[in-house]
Amino acid sequence: MKIEREQDVVPFRNRVKEYATKINMGLLNQTKLITAASELVRNMLKYANGGIVHIEVISQGRENGIRLIFRDQGPGIKDIQLAMKDGYTTGKSLGLGLPGTKRLVNEFDIKSSAEEGTTVSIIKWKNG
Amino acid sequence: MDRIPILRMGDFLLVTIQIDLYDKLATNLESDLVQMVNKTGARGVLIDISGLSIVDSFMGRILGNIGSMSKIMDAETVVVGIQPAVAITLIELGLELKGVHTALNVEKGMELLKEKIGSPSDESPQDEDSSE
Amino acid sequence: MATSVSKLLKSKKSEILQNWMTNQLKDASLREDLMSNDELREQSTELLDVLLNNINDTNLGEPESQDFEPVSEILAGISISRARQGFSPRETGIYIFSLKEALLIALKNELAKEPETLVNATFQVNKLMDSFGITTFETFIKGREEVILRQTDEIAEISTPVIRVWDGILALPIIGTLDSSRTQVVMENLLIQIVETGSSIAILDISGVPAVDSLVAQHLIKTVSATRLMGAECIISGIRPEIAQTVVHLGIDLSNIITKASLASALKTAFSMLKLEVKSSAQKPKTY
């Protein structure tokens, strides 16, 4: 799914919700996942003018979950460790986006370089 | 561009958010509300977000902003109807909505507002059991 | 040309079944309390039927062959149901391995004159039945795991009751260790109840929590913050002296939270917050 404008955010959230409902994810975990997704999409729009999100249902043993991969061609993040710290921001936000998002999901993986932009991959398990 | 309606009730402004907001709508609401507080000299702002299934840091910031801006203009802000899942998510995210008061529902929010601004109450003194 | 092993097995079906049943029945661990002999015979017949129907000379030595899928399915069904009924792994194992024995005996009797075929066939049957044995165990364990999972859910559910002690006051006794998944359940239950009952005060009693380390404290603080975000107040009660000591030693800051030593004093605080008073009826004459 392509994200180019801020109007894409709400439909995107609805898509994530559809997937989450499909695997019977509980309301609380759904909310956490969608909030996390929303944060990442906003980052993408703000720092990279959009990008592509890949949504999929994954399963490991008996556990189902949802993986979201956010890929953008933006300037990249210089110091990931710094960006993952609470309260750090280059923009004028609260600086909770990345670290907060990490707390909301089960698995969080971020790769970034100036040449290839940033890729963030998150997983939320159904009962996670 | 459509807007979120702002209702006026005496000294208070009442906003009910029923749908998930586009960013633009949210920023519009922020500026509209501040304008309205100025124009009407309202003493309290009550925002009902029971219809919001998601509050991310952006929306949280808007709510915080409204709270702080109103505060400077001498109006208290109460956010009511936060869904349990939303509250937990906000805490995990690290957002505590500083600067705004919270209440369970519109009714309690109104009580809280009246208490906060110590208004010359237009109602008979409250029952002892305010939880009813 | 050597004798077709699969044909031979098919022709000896009733004999194999008889042998298998005898093997099973003579075993000391037979669980007649869990399954009647008739049922056992029925189950065994069905499995043997499907096995022999799907077997042929080419797939005999290939347990991975697609042809055995129906067999694996039946086996899976049997072992899952056995796991639920409370059979032990040994009993379930004997079930499948005694079939192997019966098959091998049939082979031995029939192929006595063709030693080479006998050896080959024995190898193949061995391999095949071992693989079925593994399937059986895998599904048996899976069945058990499901039981455990269900019980975990049930425990999580019953261990977090939310009690309405007064109009507008909820109490939540927490018993056992608070880990993050449990905190989540507790928090969610509490918040949902707050909304449903329109309560403005929640008392979290931790007398039943064995130890409070910094992680548990963090969970408690989160719960309190979430409750406040909803517009209700949260009191933590049941702080035992040991807990007070560890909390201070660990340098955990609970100063933003209303804490009380006992549930009684928490309730008292809650009453005063709601501007309620409890009076002794014996002192009725006293007026003011």
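Since we're looking at a predicted model, the values are computed, not measured. Throughout, a chain's letter reflects where its sequence line sits, starting with A, and its residues are numbered from 1.
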Next item on the list: Could you list which of residues 131-147 of chain C have a heavy atom closer than 4.5 Å to any heavy atom of chain B, in residue-number order?
Entry: none

Check: Quick one: which residues of residues 76-85 of chain B reach chain C at under 4.5 angstrom, heavy atoms only?
Finding: I82(B), Q83(B), P84(B)

Margin query: What's the separation between atom OG in S200(C) and atom CG in L112(B), rounded to the nearest 0.5 Å?
Written below: 11.0 Å

Margin query: Test of understanding: with side-chain hydrogen bond (donor to acceptor under 3.5 Å, both in side chains), list the residues that count as partners of T246(C), not counting sequence neighbours.
Written below: none

Check: Rounded to the nearest 0.5 Å, how far apart are CE of M187(C) and CD of E92(B)?
Finding: 6.0 Å

Check: Just how far is it from atom CG of L90(B) to atom CG of L229(C), taken to the nearest 0.5 Å?
Finding: 5.5 Å

Notebook entry, point to check: Below 4.5 Å, heavy atoms only, C-beta onward: do R228(C) and T102(B) meet side chain to side chain?
Noted result: no

Next item on the list: Tabulate, in ascending numerical order, the residues of residues 218-227 of chain C having at least one heavy atom closer than 4.5 Å to a heavy atom of chain B, or enter 'none'.
Entry: K222(C), S225(C), A226(C)

Checklist line | CG-CD distance between L104(B) and E196(C), expressed to the nearest 0.5 angstrom | finding: 12.0 Å

Checklist line | Minimum heavy-atom distance A87(B)-M230(C), with the two atoms named | finding: CB-SD, 3.6 Å

Next item on the list: Pick one of side chain, backbone, both or neither for I201(C), based on which atoms fall under 4.5 Å of a heavy atom in chain B.
Entry: neither

Notebook entry, point to check: Are there more than 12 heavy atoms of other residues, nucleotides or ligands under 6.0 Å from atom CE of M9(B)?
Noted result: no

